[in-house]
2 protein chains.
Amino acid sequence: MGKTKKNSTNNINKEKIMAQCTETYAMNMIGTRWKLAVFYHLKKGPLRFSNLKELIGEVSDRMLTLHLREMEEDGLVIRTVYPEVPVRVEYHLTESAMELQPVWDFLRAWGRRHRNLMTGVEPTPLDLNIAYKGPIAS
Amino acid sequence: MGKTKKNSTNNINKEKIMAQCTETYAMNMIGTRWKLAVFYHLKKGPLRFSNLKELIGEVSDRMLTLHLREMEEDGLVIRTVYPEVPVRVEYHLTESAMELQPVWDFLRAWGRRHRNLMTGVEPTPLDLNIAYKGPIAS
DNA sequence: TCCCATACTTACATTATTGTTAGTTCCTCA
DNA sequence: TGAGGAACTAACAATAATGTAAGTATGGGA
C-alpha cells in the first residue's frame with residue numbers, strides 16, 4: 001500500500017501470481033481493508049472526500065487517501081477537483097468498477113450463508129434476490 | 001494469519017467491518033496470497049499436501065500450512081489423515097467452498113477485461129463463457 | 001492580519017503477513 | 001543401526017499494511 005520493495009521475494013511472488021492468475025489480479029485490486037467500503041458508498045453516486053470518510057466511519061484520513069489513490073491508479077475510481085475555496089474533491093467509480101456489482105452481490109449472499117453455516121444458525125438459501133434489501137449490515 | 005493481537009486497533013477495525021459487512025467477511029476468507037491457488041487446484045478434486053505444494057510451485061511449506069489451516073478453520077477445506085507410513089494427508093474443498101465457483105469465474109472474466117482496459121489492449125467482452133477454457137494462466 | 005474549512009502530507013509507531021532455515025516425528029525397510 | 005519420505009513445527013527475519021498525531025496549502029471572509 002505505501003512503498004513496496006520491488007525486488008523482495010514477497011513482491012516477486014505477488015507479481016508472479018498476478019501475471020499468471022487473473023483471479024488474483026482482480027482480488028488484489030478489491031481486497032484490502034477499506035476498498036469494499038469505498039465501493040459500497042460510491043456505487044450510489046459520487047461523493048466528496050469528507051462525506052466518504054464520514055460514511056465509512058472509522059477510517060483515518062491517511063488510510064482513506066491511500067486506498068483512494070490506489071483505486072485511482074488501478075482505474076477503479078476517478079478523482080475530480082473543483083477549485084473552489086475550500087477545495088472540493090469528488091470521487092466516483094469507473095464503469096469497469098461498476099461491473100463488479102455481481103461480485104459484491106454474490107459475495108454478500110455467499111458470506112451470509114457461510115456465516116450461518118459456521119455459527120450453526122439455520123442456513124439461508126444462496127439466493128441473490130435477497131441480497132440487496134438492506135443497508136450494508138446484514 | 002500467524003498470531004493476531006486481539007485488542008489492536010487494526011484487529012478491532014477488521015472485526016468491526018466483518019461484523020457489519022458480509023462482503024468483507026467473505027473477502028477476508030478467500031483473499032490472502034495463496035488461497036485462490038489452493039481453491040484452483042483443489043476444486044478438481046482432493047490432493048495431498050505435497051502435490052498441492054508442487055502444483056502451486058513457489059509456496060514454502062510453512063505458508064501452505066498456514067493457509068490450509070486457516071481455510072480448515074473457516075470451513076473451506078477438509079483435512080484427512082491416512083495413518084500410513086509415511087503419512088498421507090489429503091485436502092479437499094467443502095461444499096460451501098465449491099459454491100464460490102461463480103465468484104472465481106466472474107473475477108477471472110472481469111480481471112481479464114479490466115487488465116486489457118488498463119494496458120490499452122482491445123477489451124474482451126465480459127463474457128463468462130470464455131472464462132473457463134484454459135488452465136490458470138490467461 | 002488571522003482564522004476557517006477541506007483535502008491532503010509527513011514522520012513515525014505498531015501489527016500483520018510472508019519468507020527462510022533448520023529441525024522433528026513416525027514407522028518401515030535395507 | 002540408520003537412512004528415508006511425508007507433513008509438518010519452531011525460531012527467527014524481513015516486508016507490507018495499518019494506525020496516530022501533527023502539520024501544510026489555499027484563498028475568502030471577519
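Remember, predicted model here, so these are calculated numbers, not experimental data. Note on naming: letters A, B, ... go to the chains in the order of the sequence lines (proteins, then strands), and numbering restarts at 1 for each one.
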In degrees, rounded to 10°, what is the bend between the two ends of the helix from dT1(C)-dA30(D) to dA30(C)-dT1(D), using five pairs at each?
40°
Would you say R79(B) reaches dA7(D)'s phosphate, i.e. side-chain N/O to OP1/OP2 under 4.0 Å?
no
Are R113(B) and E99(A) side-chain neighbours, meaning at least one heavy-atom pair lies under 4.5 Å?
yes
If you find the nucleotide of DNA chain C closest to N10(A) and the one closest to T65(A), which residue's nucleotide is nearer the 5' end?
T65(A)
Would you say a side-chain N or O of N13(A) is under 4.0 Å from OP1 or OP2 of dG19(C)?
yes
For G111(B) and Y25(A), which heavy atoms make the closest approach, and how far apart are they?
O-CE2, 3.4 Å
N or O in side chain of T32(B) less than 4.0 angstrom from dT17(C) OP1/OP2
no
Ignoring backbone atoms, establish whether Y91(B) has a side-chain N or O less than 4.0 Å from OP1 or OP2 of dC8(D).
yes
Look at R33(A) and dA16(C) and indicate whether a side-chain polar atom (N or O) is within less than 4.0 Å of OP1 or OP2.
no
Can we say E70(A) and K35(A) salt-bridge, meaning some charged N sits less than 4.0 Å from an Asp/Glu carboxylate O?
yes
On DNA chain D, compare the nucleotides closest to K14(A) and E58(A); which residue's is nearer the 5' end?
K14(A)
Is there a side-chain polar atom (N or O) of S8(B) under 4.0 Å from OP1 or OP2 of dT18(D)?
no
Do L47(A) and Y91(A) make a side-chain contact, defined as non-hydrogen atoms from C-beta onward lying under 4.5 Å apart?
no
Between R62(A) and V89(B), which is nearer to the 5' end of DNA chain D once each is assigned its nearest nucleotide?
V89(B)
Residue pair I78(A) / E72(A), side-chain heavy-atom distance below 4.5 Å:
no
Atom-to-atom span, CD1 of I56(A) to P of dA7(C) - whole angstrom
14 Å
Short side-chain N/O contact from S50(B) to OP1 or OP2 of dA7(D), under 4.0 Å:
yes
Base, sugar-phosphate alone, or nothing: which one does S60(A) contact when heavy atoms must sit under 4.0 Å apart?
base
For H114(B) and D74(A), indicate whether the former's side chain and the latter's backbone hold a donor-acceptor pair under 3.5 Å.
yes
Closest-nucleotide mapping onto DNA chain C: is V85(A) or K5(B) further toward the 5' terminus? I mean the 5' end.
V85(A)
Same cluster or not: I12(A) versus M63(B), using hydrophobic residues (I, L, V, M, F, W, Y) connected whenever any side-chain heavy atoms lie under 4.5 Å apart?
no
Check whether any side-chain N or O of H67(B) sits under 4.0 Å from OP1 or OP2 of dT17(C), and answer yes or no.
no
